[in-house]
Amino acid sequence: MIITFLNKGFRRNLLIALALFVSLGACQMDKSEAPASTSMFVTTNSGSLYCFDLSTDSLCWQQLQTDPDIDELSYMTVYKEQLIKDYLNGTIVSYAKNSGRQNWIFRDSVSKDQAFYGYHFDDVRFAHFYQRPIVYGDHMLFANSHGEIKSISIEDRTEKWNYQSGTVLMSEPLVEGDAVYQTTGYQLVKLAAETGKQLAKFNLEEGSSFAPKLHGGLLYILTEKGRVYCLNQELAIQWEYKPTSDEVYVQSELFITDNIILLPFDGLSALDPKTGDIQWAMKDLGDIKSLDLLERNKYVVLAKDRILILDRSGKVAQEKAWSPDLGQPLALTVANSNLYMITYQGALYKMSSQLDQIKLLKSDLQLNNERGLQAAYFLKE
C-alpha cells in the first residue's frame, strides 16, 4: 500500500477515505447500565466544535473554525474539566468543557529526532488525521502524518517521548493499561506507554489505516480489504476472518459490542467476537452512514435514505424512511435512548427511539463543503 499526500492540491487517497470513521466509532460499548449523558460535544470536518445540553436540547457554546485548509475530521477527548480538541493542521486546543473558554494551544511539529533516522516526508502534508489526544496519566498521546507517535504533558506541553515509525500514520493510537497500540500500514506495533519503547509488533497481510479496537481484553484490527484479526494484548493471534469476496473495498471501521462485531461494508455482516464466525449478513442496504447501540442487543443503522433498528439476529424490528425535506443524512448517534442525526446540510435533529418524533436542535452546523469528506463526530458525557 503506497499512500502519497501532496503539499499542494491535496486530496486524500480513497484508500483511506474513511468517511464513516467518526460515526461508527462514536460509541462501541454496552449502554444498558450506562449513566445518562448530560452533554454532547459535536465536531465536524470544518473543525467547528459545539456543546449541547441534552437535558434542555440547547446549545451551550460553540467554537467556529473558518480555516479552509481544515477539511478532514479530527476528534476530541475529555480530561478532567477540559475538552481537548485535535485539528487537522496539527494544532491541539484545550477548552473549558462547561464554557468553551480556551485554556491553551499546542502546535505539533516534526521532532528533531527524525533527522537521525533519515526518514523523508518531503511530499507528505504534515497533518493530524483522525486523531484525538489519548490520555495516559497526565499526558496526551497522538500520531501525525510524518510517522511520529508522541507523548506530551497536558500540564506544560513538554514532550516526554516520541516514536519514529517511518511511515505515514493515518489513525490514532490505542492505550490500554501501560501499553500503546498503533496501526502503521502493514504492522501493528505495541509500545510502552511510559517510554515509547517498542515491545512487540504484528505483521498484517494487507494494509490498514484503521485504529485498532479493544473489547473484552482482545484487540481487533481491520484491513482495507475487509480482513479482521483478533489478537491478545501480547499480539498473539486468536482468530482471523477473511471475506469470501476479493472485491471488498473497506471505507468504514468495525463496530464492536459485548455480543457482536458488525462489519458495515458489502452490506452488513455480524461476527462472533470470540471466534470470528459469521452470524448473519444483510445485503441491499446501500451506503451505511452510521451504526450505534440503541440498547442491549438492539442496533440503529443509518442507511442512505432510511433508519433501521435491528436485533442481535439481524432481524429488522423497526424501519423508517428519512424524509428528503429534512436534508441528506450524514451521521447518527444515540444518547439517553434518543437518536441524534446530522445532515450534509448542517442540521442537527433529535429523534425518539420509536422513530415517531423528531425535533430540530440546530440548523447551521458548519461543514467544509468545498473540500475533503463531510463528516461529524459525537462525544457524550
Side-chain angles (χ1 to χ4, degrees), residues 21-65 73-87 91-106 130-136 138 140 142 154 172 175 255 257 290-295 300 302 329-343 346-353 357-367 375-381:
F21 206 75
V22 44
S23 50
L24 302 187
C27 184
Q28 301 195 39
M29 58 177 289
D30 188 340
K31 300 179 189 174
S32 58
E33 298 180 1
S37 300
T38 58
S39 299
M40 181 171 71
F41 304 98
V42 181
T43 189
T44 70
N45 72 314
S46 74
S48 295
L49 177 62
Y50 306 86
C51 175
F52 291 90
D53 184 330
L54 294 181
S55 64
T56 61
D57 293 336
S58 60
L59 178 70
C60 299
W61 54 264
Q62 62 184 16
Q63 290 285 348
L64 304 181
Q65 275 285 339
L73 193 68
S74 285
Y75 310 143
M76 61 271 191
T77 193
V78 170
Y79 171 75
K80 298 181 179 179
E81 296 306 310
Q82 302 179 52
L83 183 73
I84 305 179
K85 171 77 173 73
D86 207 330
Y87 292 90
T91 300
I92 298 175
V93 181
S94 167
Y95 299 101
K97 67 179 184 181
N98 293 326
S99 67
R101 176 181 55 84
Q102 184 176 293
N103 296 318
W104 49 259
I105 300 176
F106 171 79
Y130 298 110
Q131 295 295 311
R132 87 194 70 212
I134 302 297
V135 174
Y136 176 75
D138 57 0
M140 55 184 181
F142 54 85
I154 297 174
E172 64 184 15
V175 175
F255 183 89
T257 71
S290 294
L291 290 173
D292 209 345
L293 185 64
L294 180 60
E295 58 188 61
V300 179
L302 173 62
L330 172 64
L332 172 148
T333 194
V334 174
N336 306 336
S337 298
N338 293 303
L339 284 60
Y340 293 85
M341 170 104 63
I342 293 176
T343 70
L348 172 65
Y349 293 97
K350 176 183 178 180
M351 180 180 287
S352 66
S353 60
Q357 298 179 40
I358 189 166
K359 176 182 180 181
L360 177 66
L361 301 189
K362 189 168 175 59
S363 63
D364 58 350
L365 299 183
Q366 286 191 355
L367 291 107
Y377 174 74
F378 306 89
L379 175 63
K380 295 148 289 186
E381 188 186 36

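Owing to the predicted nature of the structure, the values given are computational and were not obtained by experimental measurement. Along the sequence shown, residues are numbered consecutively beginning with 1.
For Ile358, the side chain to side chain contact (heavy atoms under 4.5 Å, CB included) partners two or more places apart in sequence, or in a different chain, are Trp322, Leu326, Tyr349, Met351. By the side chain to side chain contact (heavy atoms under 4.5 Å, CB included) test, Val175 is found to be paired with Ile134, Tyr136, Leu141, Val180, residues two or more places apart in sequence or in another chain being considered. Taking Ser48 as the reference, Thr44, Ser46, Tyr50, Leu64, Gln65, Gln366 meet the side chain to side chain contact (heavy atoms under 4.5 Å, CB included) condition, with sequence neighbours excluded. Under the ring pair (Phe, Tyr, Trp, His ring centres under 6.0 Å) criterion, Phe52 pairs with no residue at all, not counting sequence neighbours. Applying the salt bridge (charged side-chain N to carboxylate O under 4.0 Å, His left out) criterion to Asp53, with sequence neighbours excluded, gives no partner residue. Contacts of Asn103 classified as side-chain hydrogen bond (donor to acceptor under 3.5 Å, both in side chains), with partners at least two apart in sequence or in another chain: Ser94, Arg101. Residues passing the side-chain hydrogen bond (donor to acceptor under 3.5 Å, both in side chains) test with Tyr95, sequence neighbours excluded: Tyr87. By the side-chain hydrogen bond (donor to acceptor under 3.5 Å, both in side chains) test, Asn336 pairs with no residue at all, sequence neighbours left out. For Ser352, the side-chain hydrogen bond (donor to acceptor under 3.5 Å, both in side chains) partners at least two apart in sequence or on another chain are Asp356. Residues passing the salt bridge (charged side-chain N to carboxylate O under 4.0 Å, His left out) test with Glu81: none are found, sequence neighbours excluded.
Contact annotation: the side chain of Phe255 approaches that of Asp292 to within less than 4.5 Å [non-hydrogen atoms, C-beta and beyond]. Within the 4.5 Å cutoff, the side chain of Leu49 has heavy atoms near those of the Leu83 side chain. Contact check for Trp61 versus Asn98: no side-chain heavy atoms found under the 4.5 Å cut-off. Looking at heavy atoms from C-beta onward, Met40 lies in side-chain contact with Thr333 at the 4.5 angstrom threshold. A heavy-atom distance below 4.5 Å is not found between the side chains of Val42 and Tyr340. At least one side-chain heavy atom of Phe41 sits under 4.5 Å from a side-chain heavy atom of Met76.
Taking CD1 of Ile84 as the reference point, atom NZ of Lys97 lies at 11.0 Å (rounded to 0.5 Å). Expressed to the nearest 0.5 Å, how far NZ of Lys350 lies from CG of Asn338 amounts to 4.5 Å. Atom CG in Leu348 sits 6.5 Å away from atom CZ in Phe378 (nearest 0.5 Å). Atom OG1 of Thr43 and atom CZ of Arg132 lie 11.5 Å apart (nearest 0.5 Å).
Nearest heavy-atom pair across Ile92 and Trp104 is O-CZ3, 3.8 Å. Nearest heavy atom pair, residue Asp364 against residue Lys362, reads OD1-NZ, 2.8 Å. Annotation for Leu339 and Ser353: closest pair CD1-CA, 4.0 Å, computed over non-hydrogen atoms. Across Ser290 and Leu332, no two heavy atoms sit closer than the pair OG-N, 2.9 Å. Residues Leu73 and Tyr377 share a closest heavy-atom pair of CD2-CB, 4.0 Å. Minimum interatomic distance between Thr343 and Leu330 (heavy atoms only, all atoms of both residues): C-CB, 3.8 Å.
Lys85 places a side-chain N or O within donor-acceptor distance of the main-chain N or O of Ser74, the cut-off being under 3.5 Å. The backbone N or O of Val334 lies less than 3.5 Å from a partner atom in the side chain of Lys380, making a donor-acceptor pair.
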